[in-house]
Trainee: 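Let me give you the structure first, and then I'll get to my questions.
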Amino acid sequence: MTTIPTRTEPPIELDAFLARCLGRVDLMECMLTSFRAGIHADCQQLQEAVASRDLERIAQLAHKVKGASATVAAKPLSQIAAQFEDVARFGDPNQISDCATELFHELDRVERMIASVAGTEASQSEEEVAS
Amino acid sequence: MTQGNDHAPKILVVDDDPLCRDMLQAVLTDMGFVVDTAEDGQTAYEMVCFGDFRIVISDWQMPGMSGIELCEKLRSRRLGEYVYIILLSALGGTENLVRGLQAGADDFLSKPFDPVELHVRLNTARRIVSLENRDLIVFSMAKLAESRDSDTGAHLERMREYSRLLAQELSRTPKYENEIDSDFIRAIFLTSPLHDIGKVGIPDHILLKPGKLTPEEFEIMKQHVTIGCQTLDAAYTACPSAEYLRLARDIAATHHEKFDGTGYPHGLRGTEIPLCGRIVALADVYDALTTKRVYKDAMPHQQARKIIVESRGTHFDPDIVDAFLRQEDAFQEVRRKLDDDHAFGSSLPPVVTPANNPQLLFPSNTLV
Ligand SMILES: [Fe+2]
């Protein structure tokens, strides 16, 4: 039953996030770095909560992921986390593992995008130094 | 967007989500605000009570005290300065804005925030808190009233310090710890300089009379208490949310009452006299005794202390005299720092007046 829809939209709306950072690339990078660290820890705990079927804890952690990903304009991840929170609070516990799979799949996309952004910025600043 | 403004109000950001907290802090700092953060409602409440934040931006849903509860708690403070509160609500969230308004929120902002919208909202907040920039206005009013009076120099600056010292000291005792909180301390510091504001209604020939007042003139002089009380009561009636005006009124009305009931205007005794009035009475007398006037030298601390101790239970509330004795060193320190020859108050052009009437300057006309 686990069919993960192939998402085509960008995992993070970088333009929107950069605008929220007042156009400051340094601030954007700094925020993405702390987002990555935080989300990593949260998702690890989320995995543990899923394993132990602790619905209350799942809801709490999904709520955190929802907020943090919304802050960095990672909209799809935020939506998935919101659904996950709903399912954990009011839904069918059998859907938990599907939600988790979808969430971790999207998280992977987000992490890859952050890595690529950091890469681009690094090469850009190297170019600036060179010129 | 940096404004580098000295007068930018201090903002407290409250959110349990560290990312959102850091984000807001970075953006607001970039906009020129001074920003601090708290990760839960209880910490935020304490920071507002003991700090000087004028704007609070709080998350709605937080573990422990929610944004709504924080809002209600901040609004229930009786004497604190008005704090502008913006609640953050998650986009598509189920928060009930009416509930937010009932709790006393001033504005709402959806999360994740849009920086342009944030900036617009904060400009509004800033305009509103600066309208409330009451500290300066209150003190200017007091200074203006005093300027007609005499060469009292930094009297107001010192006596508000003395009043605060006494209130702080009392707040540390079990008997007063519930009655005196940090808002009371701040409010007495703010409003004690208004105690003699009623003197604006006393005619010059009495207020500035060089010699001793006749009994009739003294009766008129005493009216400064009633005039001050009526003026501040009218202000309080017009603006009942400004609780500090009630305190100011009570101080103006009762700072010449005495603990044993022999003061004026009503001969109130003991705890019939509001606590603020009892505190300011001692602060006022101590300053009058220990500063130089045209007709007398400054009395040394020890001599003033002796007079105050002798009036324990007659003129002054024994608890307040005891608090004074515990804060003696601090009193002398204030006096040294705000000495008339060095105080910033004396850097204003001196007001030229005839030699003063001792009766005007000693709050207790029977003391010395
Ligand atoms: Fe007075």
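First the proteins, then the strands, lettered A, B, ... as listed; each starts at 1. Keep in mind it's a predicted model, so treat the numbers as computed, not measured.
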Trainee: To the nearest 0.5 Å, tell me how far B:Ile85 CD1 sits from B:Leu70 CG.
Mentor: 6.5 Å
Trainee: Taking NZ, NE, NH1 and NH2 as the nitrogens, is one of them in B:Arg75 or B:Glu72 under 4.0 Å from a carboxylate oxygen of the other?
Mentor: no
Trainee: So, taking the atom named CZ in A:Phe84 and the one named CG in A:Leu61, what distance separates them when rounded to the nearest 0.5 Å?
Mentor: 9.0 Å
Trainee: Go through the atoms of A:Ala73 and report whether side chain, backbone, both or neither lie under 4.5 Å from a heavy atom of chain B.
Mentor: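 For A:Ala73, there is no contact with chain B at all, as no heavy atom is under 4.5 Å.
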Trainee: Which bit of B:Asp22 comes within less than 4.5 Å of chain A, counting heavy atoms only: side chain, backbone, both or neither?
Mentor: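 Interface part for B:Asp22: both.
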Trainee: For residues A:Leu18 and A:Val25, determine if any side-chain heavy atom of one lies less than 4.5 Å from a side-chain heavy atom of the other.
Mentor: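 A:Leu18 vs A:Val25: side chains touch.
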Trainee: Can you list the residues that meet the side-chain hydrogen bond (donor to acceptor under 3.5 Å, both in side chains) rule with A:Asp86, with sequence neighbours excluded?
Mentor: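 Partners of A:Asp86 by the side-chain hydrogen bond (donor to acceptor under 3.5 Å, both in side chains) criterion come out as none, since no residue qualifies.
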Trainee: Which residues in residues 31-44 of chain A have any heavy atom closer than 4.5 Å to a heavy atom of chain B?
Mentor: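 Answer by number: A:Met31, A:Ser34, A:Phe35.
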Trainee: Nearest 0.5 angstrom please: A:Thr71 OG1 to B:Asp15 CG, how far?
Mentor: 7.5 Å
Trainee: Which answer fits A:Cys21, side chain, backbone, both or neither, if we ask what part of it has an atom under 4.5 Å from a heavy atom of chain B?
Mentor: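 For A:Cys21, backbone and side chain are both near chain B.
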Trainee: Does the side chain of A:Gln83 pick up a donor-acceptor pair with the side chain of A:Gln79 at under 3.5 Å?
Mentor: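 Absent: no donor and acceptor within the cut-off.
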